[in-house]
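Below is one structure, written out as structure tokens; comments come after it.
Predicted model only: the values in this text are computed from it and were never measured.
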Amino acid sequence: MTPTSELPISLLPPSGAQQKSKDALLLDVRTPAEFEEAHIEGSVLHPLSDLDRGEIEKLASGKNACILICRSGNRARQAAEKLKGSALPSLHILDGGVQAWETAGLPLNRGARTMSLERQVRIAAGGLVFIGCMLGYFIHPAWFALSAFVGAGLVFAGITDTCGMGMVIARMPWNRRRKFACVTR
């Protein structure tokens, strides 16, 4: 196998990913809760926060490609960066993620509905800003710093496309509760 650092990481549209899926490792990097809600048949769950290059190389052994899957494509890009240089045959990102797959009318295995990680981040950030404002107004003006800190974090997340709050929330028990789904092939 040739390390992926020599190969370009390509975006695959859902139809292209479906065609390649028979001979590829479909690697889903979302949270276990998101995976249980809806996932592509034959995909294997390895959350971005727990990504292990050696384990992924073993899973991809005998496959022609590794296709990274997430909700919209952002976490798959982060996973691709982590897997650069590993001994994978070729590395692809499902363009638009599970959302694009579903929009294309392709089949998904469905389970219990859960709240998306993005929605959880919005609720947490909004809650912290509100609490900071209320505490700053009613208790002490120093509490306004909490709202400023969250705002600065959101700006940083927007600029770098990396969300620290999202990484923390992904590790919460309600997002990790379905560990058994990690080996679904």
Side-chain angles (χ1 to χ4, degrees), residues 1-102 104 106-111 114 116-118 157 160-185:
M1 285 193 222
T2 310
T4 56
S5 60
E6 298 171 12
L7 300 172
I9 299 169
S10 63
L11 291 175
L12 279 179
S15 59
Q18 185 183 38
Q19 289 173 354
K20 281 188 175 275
S21 68
K22 306 281 187 275
D23 299 318
L25 169 64
L26 300 175
L27 188 67
D28 197 317
V29 297
R30 298 175 299 154
T31 65
E34 290 173 301
F35 183 84
E36 184 177 283
E37 182 178 333
H39 63 272
I40 297 169
E41 177 83 32
S43 60
V44 176
L45 175 64
H46 271 275
L48 179 62
S49 58
D50 299 336
L51 209 57
D52 180 310
R53 287 171 80 167
E55 196 170 334
I56 303 309
E57 288 172 357
K58 287 177 192 172
L59 287 170
S61 178
K63 303 288 184 181
N64 294 333
C66 177
I67 302 172
L68 299 169
I69 303 164
C70 69
R71 182 174 172 269
S72 63
N74 291 333
R75 283 178 276 176
R77 283 181 190 83
Q78 292 174 22
E81 288 300 316
K82 285 185 173 185
L83 294 172
K84 268 186 178 176
S86 58
L88 294 171
S90 65
L91 197 53
H92 306 281
I93 296 171
L94 175 59
D95 193 16
V98 172
Q99 289 177 326
W101 183 276
E102 184 174 31
L106 298 172
L108 287 171
N109 288 349
R110 296 203 177 269
T114 59
S116 73
L117 188 59
E118 181 180 329
T160 64
D161 202 21
T162 303
C163 182
M165 186 181 291
M167 289 180 210
V168 170
I169 291 174
R171 293 180 182 271
M172 291 293 130
W174 58 86
N175 286 322
R176 301 178 64 83
R177 69 182 182 269
R178 295 171 178 95
K179 258 320 206 197
F180 65 86
C182 288
V183 187
T184 315
R185 196 79 161 124

Item checked: From Q99 atom CD to S116 atom OG, the distance as rounded to the nearest 0.5 Å -> 8.5 Å
Item checked: Pairs meeting criterion salt bridge (charged side-chain N to carboxylate O under 4.0 Å, His left out) with involvement of residues 88-99, two or more places apart -> none
Notebook entry, point to check: In Å and rounded to the nearest 0.5 Å, what is the NZ to CG distance from K63 to D23?
Noted result: 7.5 Å
Check: Can you name the closest pair of heavy atoms from L91 and L88 and give their distance?
Finding: CD1-CD1, 3.9 Å
Margin query: Measuring only between side-chain heavy atoms, which start at C-beta, is I9 closer than 4.5 Å to K84?
Written below: yes
Margin query: So, taking the atom named CD1 in I56 and the one named OG in S86, what distance separates them when rounded to the nearest 0.5 Å?
Written below: 9.0 Å
Next item on the list: Measure the spacing between CG of L27 and NE2 of H92 and express it to the nearest 0.5 Å.
Entry: 13.0 Å
Check: If only atom types and distance count, is the side chain of K82 paired as donor or acceptor with the main-chain N or O of L48 below 3.5 Å?
Finding: yes
Notebook entry, point to check: Quick one: OG on S21 to CH2 on W101, what's the gap to the nearest 0.5 Å?
Noted result: 5.5 Å
Check: Any sub-3.5 Å donor-acceptor pair from N175's side-chain atoms to I169's backbone N or O?
Finding: yes
Note to self: Looking at every non-hydrogen atom in both residues, tell me the closest pair between P32 and L45 and how far apart they are.
What the structure shows: CA-CD2, 3.5 Å
Next item on the list: Determine whether L25 and C66 make a side-chain contact, defined as any pair of heavy atoms from C-beta on separated by less than 4.5 Å.
Entry: yes
Checklist line | Shortest non-hydrogen contact from L108 toward A38 | finding: CD1-CB, 4.1 Å
Note to self: Taking the side chain as everything from C-beta on, heavy atoms only, tell me whether F35 gets closer than 4.5 Å to S43.
What the structure shows: yes
Notebook entry, point to check: Are side-chain heavy atoms of I67 and I40 found at a separation under 4.5 Å?
Noted result: no
Check: Atom CD in E37, atom OG1 in T31: separation rounded to 0.5 Å?
Finding: 9.0 Å
Using distance only, find each side-chain donor-acceptor pair of residues 69-76 under 3.5 Å and give its atom names and separation, not counting sequence neighbours.
unit_1 : atom_1 : unit_2 : atom_2 : d
R71    : NH1    : E118   : OE1    : 2.9
R75    : NH1    : E34    : OE1    : 2.8
R75    : NH2    : E34    : OE1    : 3.3
R75    : NH2    : E34    : OE2    : 3.0

Next item on the list: Would you check if H46 and D52 make a side-chain contact, meaning some heavy-atom pair closer than 4.5 Å?
Entry: no
Checklist line | Side-chain donor/acceptor of R30 to backbone N/O of E36, under 3.5 Å | finding: no
Could you list the donor-acceptor pairs under 3.5 angstrom formed between side-chain atoms of residues 11-19 and any protein atom two or more places apart in sequence or on another chain?
none

